[in-house]
Amino acid sequence: MERSSHDRRRKGGMRTMPFIFLNEISEKLAVVGFNANMISYLTQQLHMPLTKAANTQTNFGGTASLTPLLGAFVADSFAGRFWTITMGSIIYRIGMTSLTTSAILPQLRPPPCKGKQVCQEADAGELAILYVSLLLTAVGAGGIRACVVAFGADQFDQTEEKQNARTWKFFNWYYFSMGVSILLAVTVIVYIQDNIGWGWGFGVPTIAMFLSILIFIVGYPLYRNLDPSGSPFTRLLQVIVAAWRKRTLPTLSDPRLLYENEELDASISATEKLLRSKQFKFLDKAAIVTEEDNLKASPTPNPWRLSTVHRVEELKSLIRMVPIWAAGILLFTAYAQQYTFSLQQARTVDRHITRSFEIPPGSMSVFTMSSMLITITFYDRIFVPIARRFTGLDRGISVLQRIGIGFVISLLATLVSGFVEIKRKHVASVHGLTDSPKSTIPLSVCWLIPQYSLHGMAEAFTAIGHLEFFYDQIPESMKSTATALFWTAISAGNYVSTLLVTLVHKFSAGSGGSNWLPDNLNKGKLEYFYWLITLLQALNLVYYLICARLYTFKPIQLHRKEDVDSQEGVELTGPV
């Protein structure tokens, strides 16, 4: 139901951001604090082999990034974003509490290694506690991640030009605040885990999560809560079924004869109406009115037989976005290596920053986050104002151009990683440490900083660009789904990483158990693995450039407050 203009002025706006951001910061503090050092916990505390630990981490990351689809369905269908975030946060905290308990009680972990004895790997019961805890945090994260960005954007009224302009600033500042929390996680939390204990390392973010839930709920009276408009997935399926039922009908020569019903679409097109596009004409058949639809007897059609143009275009918009979505998968595949093999690289080298301070391996992503934050600030404060003078676009460059720049930087990051690995192994060989995986190689950890920093720069361009693109191009009734699409790209990237590691481990196996990715990286070929990803990224970049060139932006009629009195709209077809 449409709210009054007085209600819209009274609720929402910038004053709600602290409540929303605090919840997101706590979630990132928890998940990144564990994820950044997870490979250490799995190999050192649960004594998993390296490849199994790497796959466990990427599988967990993939699952946690897939559950936002479930969160989006719940939020858009019946619960609304506020309650989905709240329940997701509670489930997340239960999972973190279980994980903390397993880290505190020694009987829930295998005994520590003594001397040179073979370490006892975690048994089925100990792994079950780990997996259940991770599953709970993954489900909880789905409720938070699917909704927090869309809920934050909801606080700005899209029908007011001034507030709508702030929405796109919101994405940069959202990612900036998230970056600050990640920076805190990979420094303070990882330091606690490595130097004080895993119990406190998990306990601190668990406590922070509890406090954030209270703060988020306290802000309820200030929020601008939009009512859920029904399951978007059901509407999409209805369009497909209706089009299939009418597949034998000829295409109408006059698209103005296609069925439209503004009253029926009122709840899903409050600020914008989707206009008919010329792509995927087969789906237009879902909006052809036939005698069997019997509109004279009932003004409300059977949605499984007849869809409005707006609903058909919802499906078309989603289909058009899929190629751009798919292009982002390999970016996150490359990004995932920072928390697996890059972390193991860091563990083998000299990590002393000063004579008395040694940076923990899990804290190496501090360089990624710092680079990302610096790039976001540079982009927002310097790059965009300069680019705006040449392009005339409010954002400086189009969102598709921003994504493309990030792809190039990510490719360079992975390429550099391979050359650094060659250097690391050369130094290990010169000093006779090839067969000593636990010995420290006399090579400064600073050699690894470029690859971490380049990944941070790439994320500032591509990840935020993807988030903007999804939110802008998704129909307004599916805003939670837009965020879910972003996270599913991360999910797919993690699963592709698992697949690549598994295939490389299998097909690179040689005599005597050698392969590219052994537990002793000094005797492996990790640089080949990095260059394999680089090659895939190069092919992916060509694919993306083709997709971006052919992409058609959704044609819409945008309802502004200043247009209400005159009953006119503004048709938008330009790039974002």
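For reference, positions follow the sequence shown, starting with 1.
Counted within 6.0 Å of CH2 on W200, heavy atoms from surrounding residues, nucleotides or ligands total 12 or fewer; the atom is thus considered open.
In this structure a side-chain-to-backbone donor-acceptor pair under 3.5 Å is missing from H455 to S365. No side-chain donor-acceptor contact under 3.5 Å links S410 to the backbone of F407. With Q337 contributing its side chain and A334 its backbone, the two residues share no donor-acceptor pair below 3.5 Å. One N or O on the side chain of Y543 and one on the backbone of P323 form a donor-acceptor pair closer than 3.5 Å. A donor-acceptor pair is defined here as one N or O able to donate and one able to accept, closer than 3.5 Å; no such pair exists between the side chain of Y92 and the backbone of M87. Between the side chain of T462 and the main chain of E459, no donor-acceptor pair closer than 3.5 Å is present. Panel note: side chain N59, backbone N55; a donor-acceptor pair is recorded below 3.5 Å. Panel note: side chain S497, backbone G493; no donor-acceptor pair is recorded below 3.5 Å. R320 contributes a side-chain N or O that, together with a main-chain N or O of T552, makes up a donor-acceptor pair within less than 3.5 Å. With hydrogens and angles ignored, the 3.5 Å screen pairs a side-chain donor or acceptor of T308 with a backbone N or O of R311.
Aromatic rings of F82 and F216 (six-membered ring for Trp) have centroids within the 6.0 Å cut-off, being under it. Annotation: F202 is in aromatic contact with Y41 [ring centroid separation under 6.0 Å].
W487 and P68 get closest at one heavy-atom pair: CB-CG, 3.5 Å. Nearest heavy atoms, M321 versus L485: CE-CD1, 3.8 Å.
Partners of T414 under the side-chain hydrogen bond (donor to acceptor under 3.5 Å, both in side chains) rule, at least two apart in sequence or in another chain, are Q537. Among residues two or more places apart in sequence or in another chain, the salt bridge (charged side-chain N to carboxylate O under 4.0 Å, His left out) test is passed with R81 by D76, D154.
Side-chain atoms of Y530 and S342 include a donor-acceptor pair closer than 3.5 Å. Judged purely by distance below 3.5 Å, without hydrogens or angles, the side chains of S371 and S453 never pair a donor atom with an acceptor atom. For the residue pair Q238/S307, the side-chain donor-acceptor check at 3.5 Å is not satisfied. Side-chain polar atoms of T63 and Y495 form a donor-acceptor pair below 3.5 angstrom.
Screening Y551, W325, F461 for a ring pair (Phe, Tyr, Trp, His ring centres under 6.0 Å) involving F469 leaves a single residue, Y551.
The line from CD1 of I94 to CE of M209 is 11.5 Å long, rounded to the nearest 0.5 Å. To the nearest 0.5 angstrom, F367 atom CZ is 12.5 Å from M369 atom CE. Interatomic distance, I90 CD1 to L136 CG, rounded to the nearest 0.5 Å: 13.0 Å. Within the model, atoms CG of L331 and CG of L411 stand 10.5 Å from one another, a figure rounded to the nearest 0.5 Å. One distance of note links CD1 of I213 with CD1 of I85; it measures 12.0 Å at 0.5 Å rounding. To the nearest 0.5 Å, atoms OH (Y471) and CZ (F486) are separated by 15.0 Å.
Between E313 and K554, no side-chain nitrogen of the basic residue sits less than 4.0 Å from a carboxylate oxygen of the acidic one, so the salt-bridge criterion is not met.
Side-chain contact between W198 and T100 is absent, with no heavy-atom pair separated by less than 4.5 Å.
Using cut-offs of 30° and 60° for the angle between ring planes, the F383 and F378 rings count as tilted.
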